[in-house]
Amino acid sequence: MADLPFDSLYRHGFARVAVAVPRIRVADPAFNLTHTLDLAREAAERGAVLTVFPELGLSSYTADDLFHQDALDAAVSEALDRVVAASAEIDTVLIVGAPVRSQGRLFNCAIAVCKGVVLGVAPKSYLPNYREFYEKRQFAAAREAWDDQIEVAGQRVPFGAELLFTATNLDGFVFHLEICEDGWVPLPPSGYAALAGATVLVNLSASNIVIGKADYRRALCTSHSARYLAAYLYSAAGHGESTTDMAWDGQALVCENGDLLAEGERFADHPQVVIADLDLQRLASDRLRTTSFADTVHDHRERLATIRRIPVELPIPAGAIALERELPRFPYVPAATAARNERCAEVHHIQVEGLSTRLRATGSQRVVIGVSGGLDSTQALIVAAKTMDRLGLPRTNILAYTMPGFGTSTRTRTDAHELMAALGVSAHEIDIRPSATQMLRDLGHPAADGAEQYDITYENVQAGERTSHLFRLANHHHALVVGTGDLSELALGWCTFGVGDHMAHYSVNASVPKTLIKYLIAWAAETGQFGPEAAKVLKSILLTEISPELIPGADPADPAQSSEATVGPYELQDFHLYYLLRFGYRPSRIAYLARHAWSDPSVGSWPDLIPADQRHAYDLPIIKHWLGEFLRRFIQTSQFKRSTLPNAPKVGSGGSLSPRGDWRAPSDASAAAWLDELARNVPDE
């Protein structure tokens, strides 16, 4: 799809689909045809390549014994002819429902039509004949067909429930048709279709409404999409169906891999088209990584071999089609307050469970932790405090040390002391400047004699001194060193290897990204986990510049260095990390997603803890620059640090960088393929 503009969602593995619910009249195909074509044209104008209509939408579902009337059959046939003819001028694949006479039987069918061609016809497999349903009175099931082709609109076309329609011009777009009850049975036809490669599962439904049924349908469709790692499109009959003994709500749903992407208005007395943008590459990525999905394919290979594949060229718009799907700016942090608080509580429990289990296993009752007054050590100290509470041990068993160096600011030093006091831990201070100066002197480094040579040696001497002290303190007090580094720093290699902040006896933040660390601390403050004094200092820490504090500045009150000035904005780099680690997307796609999420601060949801004046925007050149820096660091320069990580609990599905968990990679890889793809396929402006 490289011939499409960068701004087209189709270039980046998305596909726009539509679920339409027209107004109908019972047994009036001419009326129903008009409204069907109107909605199809609307969907096409909005860039949808597939538009789904309800079950028996051309005739109405509630025609009952009128289905056996020749006049209705003739009117449906004429309507189908006109759908096929009109489709030549409508740039969307139409999926319409109609009764079709063939082989001496009447079948309830889904019919796929595109650009004047009938692609195929799928008859309903499972006919409900219980409670209010009497479909076997009028229709035959798919299993009763004896020919795998029928004639529709003068065309001899494939016929059967096992048809897969495969796009020849959009990778990963393969759709399958089933009808209403087919999706409710224990082993639905769409399940086998998904195993055979279908990614877009389509259900044309009638489905009358009763109390609670809408919630059940929604749960059914989302769970289908999750189980089959697919999209699930559902269109139910609505206004105009007979209410002799039933009522209709016209529920329209688009689901993807367990998420509800879009839902229409129920009980609407007007036609509606529900649009959603499917992420085909996300589905492909999850199927590629889920080995049990492939195992299931193997177990059913004999049945899957009978499935027929029909090529179709989708009417993809040639111009720019902007993505309408909302992407969270913070993929690790829910924007909604309730969901975010629930996420924070869950992460907190996982961290505490990990550390408490390790202490029980080792028989240790004390921990040693370095407290800098920054975000990561603050969260680690919070976890340590709650762990002692859980184990019934005094918080004084936490041996906390602040270790000022050459660049430590009075702000972070003060916050560190106030936090240790508020949490009731054993608070200590060790000034590492004398020992760091001695090491610099031993190395023959000019800074030992006062020269302002602030290089990597100068910085890492301090980081190493701190960690060396912590380990020897742990030996001395029969304790474990608790690591403080987070997922974002590990991804960027922003840690000192070996005897540095890279190492610990047990880490608690190693799979928690920086953006989530901030909200965990904010959650602890807002929910009063440790009282008002602790909440006050936690809020101060949240407002402090993220800094390694290894180089002195002109003003000793605040940090002189900015981590984000070197490695990039953490909020943007966490976005890049999520999509590279979780899905393995190509850089140009990540850049496209990042621009969509971050280019306009007035669009989309923000976590309410971010004030309006701190809601940042990033244009494509800035995104391209920092994504390049991320790729260079992640792929090429920092894997050796991640290959030797201490133990730490995995926290989220967004991934862990432990070599024993989600990520195994060579330490000597080149980032050239990623950087080249970024340079070639992402515009500079």
Side-chain angles (χ1 to χ4, degrees), residues 347-348 350-352 354-355 358-359 366-388 398-405 408 412-413 415-417 419-420 423 425-430 432 459-460 462-471 473-474 479-521 524 537-538 541-542 544 546-550 559 563 567 570 641-642 644-649 651 656-658:
V347 171
H348 175 79
I350 292 170
Q351 291 180 287
V352 171
L355 182 56
R358 179 53 55 94
L359 290 175
R366 296 185 182 90
V367 298
V368 169
I369 184 171
V371 181
S372 67
L375 294 172
D376 294 340
S377 66
T378 295
Q379 177 59 21
L381 186 60
I382 287 172
V383 171
K386 285 294 187 179
T387 297
M388 292 301 167
I398 301 171
L399 310 180
Y401 294 84
T402 184
M403 293 179 282
T408 301
T412 56
R413 186 176 180 182
D415 282 346
H417 279 288
L419 180 62
M420 292 187 291
L423 295 181
V425 304
S426 295
H428 308 273
E429 178 172 297
I430 297 176
I432 66 163
E459 294 189 18
N460 283 349
Q462 297 172 74
E465 279 298 310
R466 289 189 174 113
T467 305
S468 180
H469 276 81
L470 293 175
F471 272 100
L473 286 164
L480 294 183
V481 176
V482 175
T484 62
D486 66 49
L487 180 70
S488 307
E489 292 179 343
L490 291 171
L492 293 160
W494 194 240
C495 57
T496 300
F497 182 73
V499 185
D501 53 331
H502 162 263
M503 192 49 61
H505 287 124
Y506 192 78
S507 293
V508 293
N509 295 336
S511 67
V512 186
K514 187 78 76 177
T515 46
L516 183 53
I517 291 274
K518 295 178 68 174
Y519 285 95
L520 287 165
I521 295 171
V537 67
L538 291 176
I541 291 168
L542 287 170
T544 304
I546 299 173
S547 171
E549 290 200 307
L550 297 171
S563 296
V567 299
Y570 278 114
K641 298 180 181 181
R642 299 189 290 268
T644 54
L645 288 179
N647 294 165
V651 167
S656 159
L657 291 174
S658 167

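Numbers here are sequence positions counted from 1. For the numbers below, each heavy atom of this structure counts, side chains included, while hydrogens, waters and symmetry mates do not.
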(request) Check Met403, His505, Met503 against Leu470 for a side chain to side chain contact (heavy atoms under 4.5 Å, CB included) and give me the one that passes. (result)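 With Leu470 as partner, side chain to side chain contact (heavy atoms under 4.5 Å, CB included) holds for just one option, Met403.
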Donor-acceptor contact present, side-chain [X] to main-chain [Y], <3.5 Å:
| X | Y | value |
| --- | --- | --- |
| Ser377 | Ser372 | yes |
| Thr467 | Gly464 | no |
| Thr402 | Val371 | yes |
| Ser511 | Pro649 | yes |
| Asn647 | Tyr506 | no |
| Gln462 | Leu550 | yes |
| Asn509 | Thr484 | yes |

(request) Can you see which heavy atom on Thr412 is nearest to which on Thr408, and at what distance? (result)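 That would be OG1-CG2, 3.9 Å.
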(message) If you compare all heavy atoms of Gly373 against all heavy atoms of Ala416, which two are closest, and at what distance to 0.1 Å?
(response)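 Nearest pair, atom of Gly373 first, then Ala416: N-CB, 3.9 Å.
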(request) Check the pair Leu490, Lys641 against side-chain contact (heavy atoms from CB on, under 4.5 Å), reporting the backbone distance first and the verdict last. (result) CA-CA 8 Å; Leu490 291 171; Lys641 298 180 181 181; 5.7 Å; no
(request) Look up atom CD1 in Ile541 and atom CD in Gln379, then write down how far apart they are to the nearest 0.5 Å. (result)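 Rounded to the nearest 0.5 Å, the CD1-CD separation comes out at 11.0 Å.
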(request) Assign the ring pair His502 / Phe497 to parallel, tilted or perpendicular, where the plane angle (0 to 90°) is split at 30° and 60°. (result)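 Rings of His502 and Phe497: tilted, 30 to 60°.
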(message) In the structure I gave you, are the side-chain heavy atoms of Gln351 and Lys386 within less than 4.5 Å of one another anywhere?
(response)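 The answer is no, as the side chains (C-beta and beyond) never meet within the 4.5 Å cut-off.
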(request) Compare all side-chain heavy atoms of Ile430 with those of Leu473 and state whether any distance is below 4.5 angstrom. (result)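 Ile430 reaches Leu473 side chain to side chain.
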(message) Show me the pairs that pass salt bridge (charged side-chain N to carboxylate O under 4.0 Å, His left out) and involve residues 485-498, at least two apart or across chains.
(response)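 Every pair satisfying salt bridge (charged side-chain N to carboxylate O under 4.0 Å, His left out) with a residue in residues 485-498: Asp486-Lys514, Glu489-Lys514.
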(message) Let's go through Leu538 and Asp415 carefully: what are the C-alpha distance in whole Å and the side-chain angles of both, what is the deciding distance for side-chain contact (heavy atoms from CB on, under 4.5 Å) to 0.1 Å, and is it a yes or a no?
(response) CA-CA 8 Å; Leu538 291 176; Asp415 282 346; over 6 Å; no
(request) Before giving the answer on side-chain contact (heavy atoms from CB on, under 4.5 Å), spell out for Arg366 and Leu399 the whole-Å C-alpha distance, their side-chain angles and the decisive distance to 0.1 Å. (result) CA-CA 7 Å; Arg366 296 185 182 90; Leu399 310 180; 4.2 Å; yes
